[in-house]
Amino acid sequence: MAVSGPERAPVFKARNLVKTYSWGEVTVHALRGVDLDLYEHEIVVLLGPSGSGKTTLLNILGGLDSASSGEVFYREHNLVTSDEDVLTRFRREHVGFVFQYYNLIASLTALENIRLVTEISSSPMKPEDALDLVGMKALADRFPSQLSGGEQQRVSIARAIAKRPDILLCDEPTGALDYETGRKVLEAIQKIHSELGTLVVIITHNAAIAGMADRVIRIENGRIGEIRIQPERLPLDEIRW
Amino acid sequence: MVTRALDLKILRSLMSLRFQTVSIAVLVACGSGLLIAAWSSYDALQLAKLRAYERLSFGDIFAEVKEAPLSLESRIRSIPGVREVDLRLVESVLIRMPGAPSAQFISLPEPGTPGLDRVHLKSGSLPSPSSVPEILLHEGFALARNLGPGDTLSAIVGGKQWLFRISGVALSPDSVYLIGPGAPLPDDTRYGMAWMSRKELERVTRKGRTFQRVSLKVSPDVSNSMVLEDLDRILKPYGSYGSFLRKDQLSNRLVENEITEQKTLAVLFPAIFLGIATFLIHNTLARLVQLERVPIATLRALGYRSFDIMMHYLKLALSMIAVGVVFGIALGTGMGHLLSRSYQAFFRFPEIRFSPGADAILLGLFASLSAGILGAGSTMRSIRSLTPAEALRPPAPQRFQSGFLDRSFLGPRIPVRIRMVLRNSLSRPLRLTWNILGMSCAWILLIMSWSWNDILENLIDEQFHRLSRETISMSLRAPVKDSSADSWGKLPGVLEHETYRILPVRMRFAQHSKTLALTGVPPLPRLELPAVDGLALSRYFQKAWGLNAGDRVEFESLEDGKKTFSLTVSHFIRDAIGVSARVPKARLHSSLNEESSFNRILLRVTPSSVPDVLERLEASPLGTSIRTKSDILASFARTLGKLIRTSSLVLVVFAITMAIALLLNSIRISFAERQKEIASLRVLGLPFSTAFDLLLSETAIQWVLAAPIGCVAGNLLTRAALKAMHAEEYDFTVVISARTYALSFIILGACFLAGSQWMRTICRSTPLPDAIKTEE
Ligand SMILES: Nc1ncnc2c1ncn2[C@@H]1O[C@H](COP(=O)(O)OP(=O)(O)OP(=O)(O)O)[C@@H](O)[C@H]1O
Ligand SMILES: [Mg+2]
């Protein structure tokens with residue numbers, strides 16, 4: 001069901017997106033004019049050298065950061081002109097984040113970390129079900145310090161998807177994990193995608209992971225490089241690295 | 001190993017930790033400043049005292065006698081060990097001035113003899129023979145009444161009014177701290193001293209070649225008690241009031257008390273400030289090392305010894321301290337100057353020369369550095385135990401366990417967000433306690449500083465309103481029959497009058513003895529409380545003399561006749577200032593075998609007729625001292641009241657400074673630790689303010705828990721401090737008003753709000769992606 005194309009309304013529409021950081025005399029161009037459309041139900045993998053602007057782009061799409069100029073539309077909402085309140089609501093209702101380091105709240109158990117989100121969103125799934133989706137139901141009452149890295153990452157994925165987000169943004173979700181654990185995490189992501197139909201964006205340095213994507217987008221020096229469409233996704237057990 | 005690169009890092013750390021540096025430096029500056037100020041004014045007082053006593057030949061042994069002939073001199077001189085003798089004529093006089101002040105006129109040593117307890121001339125010249133008798137006036141009275149050389153004053157001496165010319169202004173070692181007989185506090189406007197040539201004084205008093213006061217210098221190798229005994233024996237037939245050592249001389253004793261108090265002050269308050277500085281240094285360093293564990297591990301991996309790294313952080317702590325000490329020295333010098341200047345109003349030394357001594361500064365430095373080392377101590381341990389491998393691993397989440405709250409029936413009902421706050425607070429009980437204790441220090445200091453005002457107000461209320469209700473009091477030259485009181489009681493405007501019999505006595509119990517006034521109290525007194533049904537003594541005697549109710553105490557009358565009698569202690573009373581002994585008036589009369597009489601009368605007068613009544617009383621030849629309560633209150637406000645208010649204000653300023661530094665610092669650190677969590681919550685879609693308040697509540701919990709601890713500890717410490725400061729002179733009730741607690745609450749609340757508001761702006765201005773990226 002790899003579908004893409006101009007006939008469908010994009011979820012995200014970025015036009016001439018620019019992000020600069022400056023301190024004193026120095027100005028860093030993190031994004032130098034990005035044009036990009038992302039569609040419903042697709043899995044997109046962002047590849048690119050370190051410092052090319054992947055994280056910056058993802059953060060802007062997720063409403064964590066604001067662009068310096070240009071436009072980003074989430075459906076019909078312009079994120080660039082939105083204020084903090086609107087962005088907060090946008091994150092709460094529509095976006096799930098997964099980071100390289102899991103960012104779980106250390107003082108809450110796995111289940112409670114998820115309840116933190118389900119308590120504030122409008123139509124969440126049951127926290128237990130979210131844990132079940134990532135195969136973590138048995139460890140629901142453990143604190144983060146009692147979980148392995150991969151387990152923590154799966155809890156953080158469960159937390160990200162418990163609100164039934166429209167978009168799941170993952171920044172190097174397997175970056176800190178070994179092969180086996182990394183694969184379990186990717187399986188969880190894929191499972192969520194197939195059950196909820198969420199738009200998934202994954203940043204990775206691991207070109208092999210690109211196999212699971214509908215589209216692979218290369219970011220180079222703050223611009224979109226090559227976009228590769230993959231009509232057939234590879235099943236995860238055929239992906240090796 | 002050369003660690004120049006590390007030293008550079010200290011500067012950078014100081015800059016990036018500038019808030020912590022400033023708050024620690026402020027505390028250290030306050031602590032070391034107070035220490036330096038108190039210690040060097042202690043030095044200054046001590047030095048001024050020693051110099052004055054030395055230069056002006058302050059006596060070693062003193063005695064007072066009703067009236068003895070000068071011819072005794074050779075006998076006194078022949079007491080073994082006596083090296084110098086000075087015999088003075090002393091006369092109490094009433095000065096004709098508004099407020100009817102009284103004074104002691106004392107003869108100067110015979111011309112040509114140096115004498116003891118010499119006067120130090122501040123201005124003008126020594127009296128010389130002239131048609132108008134000349135006097136030297138005590139500096140305190142001269143300043144208070146704005147008198148100087150060339151001015152005249154009239155006084156009633158021996159029932160006759162005389163005019164005196166002031167030839168000069170002077171002071172003496174025996175009147176450094178001048179306080180009227182029976183007066184609870186010094187008051188220069190009400191009580192003075194003057195010196196004149198013996199010849200002139202003999203002429204105006206018509207007392208002939210007699211003396212009332214003995215001052216001796218003895219050689220250090222003789223037993224003082226032998227001299228006291230011999231002296232007493234010689235003076236006994238002439239109405240001796242007893243001999244005593246320098247340490248019991250009133251002025252000297254009060255000076256010594258003040259010096260001791262200065263020492264207490266020099267320890268107590270700096271200790272609190274430096275203690276809190278220690279607390280902040282510990283928190284700051286612990287946080288910093290936590291944050292810099294990767295660089296630390298890297299340095300270790302590069303081959304730096306953990307000792308070098310420990311030294312690095314120690315140097316950082318000491319640099320923060322050093323900044324504070326520099327300001328502390330300046331602050332301490334300034335405050336010390338002010339402090340010693342304020343002493344000059346109480347203590348009439350030829351000079352109080354204040355200079356911040358090297359020892360005071362070294363002490364300040366040493367105490368501050370100790371605080372730094374103490375604060376850095378535990379951090380040093382954690383650096384040593386940090387292995388490179390462990391530190392370079394990605395940070396593991398802090399350990400938590402479900403606690404009793406989760407297991408209780410409440411568990412499932414507690415919302416996740418509250419749970420987070422509670423677990424964070426309870427997971428590290430040691431740290432929680434530590435933080436609460438630190439914050440409670442802010443309360444303690446604030447309450448301690450402010451409580452002085454309460455104590456003062458309570459004292460005024462108790463002493464001047466509840467216990468004494470008269471408008472005017474008058475002491476008489478000698479006891480008169482009770483029936484003569486009516487002539488005063490019937491003066492127009494007098495609402496009520498009451499008579500008392502005051503007997504100067506020497507009171508003895510076991511090895512203790514003390515001269516004081518024994519007050520014969522009328523039954524059911526209304527103007528001066530409390531009523532007594534037997535001998536009632538100040539609580540002081542219970543503690544200091546080990547007296548109990550039922551013990552028998554000996555009294556020796558110091559009036560003519562030298563009667564002795566004994567009374568059984570019935571109970572103890574609390575005297576806020578000074579000590580007292582009270583007995584039913586009838587009992588006193590029967591002990592003395594005398595008719596019912598009085599020598600002190602209290603009057604309650606309608607306000608409008610006070611001036612008329614005063615005029616009539618002053619015209620009476622019987623009165624020696626006439627005082628209105630408003631005068632006493634005013635003089636109290638001028639003296640002790642002002643001192644307490646001023647020092648309380650200074651301390652409050654310090655306490656507020658400290659509270660601000662402490663609270664802001666604590667809030668700063670706890671938010672630095674929580675910043676990442678706030679960011680995580682925001683990523684999940686919690687509004688900034690919700691996420692922030694969630695973590696703010698952790699600090700709020702500590703702050704709220706600190707309040708009761710601080711209030712209780714502040715109360716206890718105030719009591720302890722009062723106890724340490726005075727034994728005999730003061731026995732204040734510690735009442736801390738709701739107002740003090742409320743004010744502390746408001747100030748600390750404001751600090752908290754300001755601190756959290758400030759953190760809010762810092763947190764808000766940190767871009768979310770950056771906050772997520774930061775480790776931990
Ligand atoms: N807060 C910031 N301040 C200044 N410059 C920044 C900031 N965040 C990112 N940059 C710069 O922007 C550029 C893009 O950074 P970004 O994090 O998007 O790269 P990335 O593609 O995610 O790299 P990596 O694969 O290493 O994570 C980099 O040159 C980086 O130095
Ligand atoms: Mg990145």
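Just so we're clear, the structure is a prediction, and the values are computed from it rather than from any experiment.
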Identify every side-chain donor-acceptor pair in residues 127-134 of chain A under 3.5 Å, counting partners at least two apart or on other chains, and give the distances.
none

Donor-acceptor pairs under 3.5 Å, side chain of residues 687-698 of chain B to any protein atom, not counting sequence neighbours: which ones?
{"residue": "B:Asp693", "atom": "OD1", "partner": "B:Arg760", "partner atom": "NH2", "Å": "2.9"}
{"residue": "B:Ser697", "atom": "OG", "partner": "B:Asp693", "partner atom": "O", "Å": "3.2"}
{"residue": "B:Ser697", "atom": "OG", "partner": "B:Leu694", "partner atom": "O", "Å": "2.4"}
{"residue": "B:Glu698", "atom": "OE1", "partner": "B:Arg674", "partner atom": "NE", "Å": "2.9"}
{"residue": "B:Glu698", "atom": "OE1", "partner": "B:Arg674", "partner atom": "NH2", "Å": "3.4"}
{"residue": "B:Glu698", "atom": "OE2", "partner": "B:Asn424", "partner atom": "ND2", "Å": "3.1"}

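No more than 12 heavy atoms of other residues, nucleotides or ligands sit less than 6.0 Å from atom CZ of B:Arg384.
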(message) As a quick check of understanding, evaluate side chain to side chain contact (heavy atoms under 4.5 Å, CB included) for B:Val683 and A:Asn103, giving each step before the final call.
(response) CA-CA 10 Å; B:Val683 168; A:Asn103 287 321; over 6 Å; no

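Within residues 87-99 of chain A, the residues having any heavy atom less than 4.5 Å from a heavy atom of chain B are, in residue-number order, A:Thr88, A:Arg91, A:Arg92, A:Phe97, A:Phe99. Near-neighbour residues of residues 59-66 of chain A relative to chain B, defined by a heavy atom under 4.5 Å from a heavy atom of that chain, comprise A:Asn59, A:Leu64, A:Asp65.
When heavy atoms are compared at a cutoff of 4.5 Å, A:Gln146 approaches chain B solely by way of its side chain, counted from C-beta outward. Contact of A:Arg142 with chain B is not made at all, since no heavy-atom distance falls under 4.5 Å.
Across A:Leu108 and B:Arg423, no two heavy atoms sit closer than the pair CA-NH1, 3.7 Å.
By number of non-hydrogen pairs under 4.5 angstrom with chain B, the leading residue of A:Ser107, A:Ser121, A:Gly149 is A:Ser107. Ranking A:Gln152, A:Gln100, A:Arg159 against chain B, the residue ahead of the rest is A:Arg159, based on heavy-atom pairs under 4.5 Å. The candidate with the highest count of non-hydrogen atom pairs below 4.5 Å against chain A, out of B:Gly685, B:Ala679, B:Ser680, is B:Gly685.
Between A:Ile105 atom CD1 and B:Arg419 atom CZ the span is 14.5 Å, to the nearest 0.5 Å.
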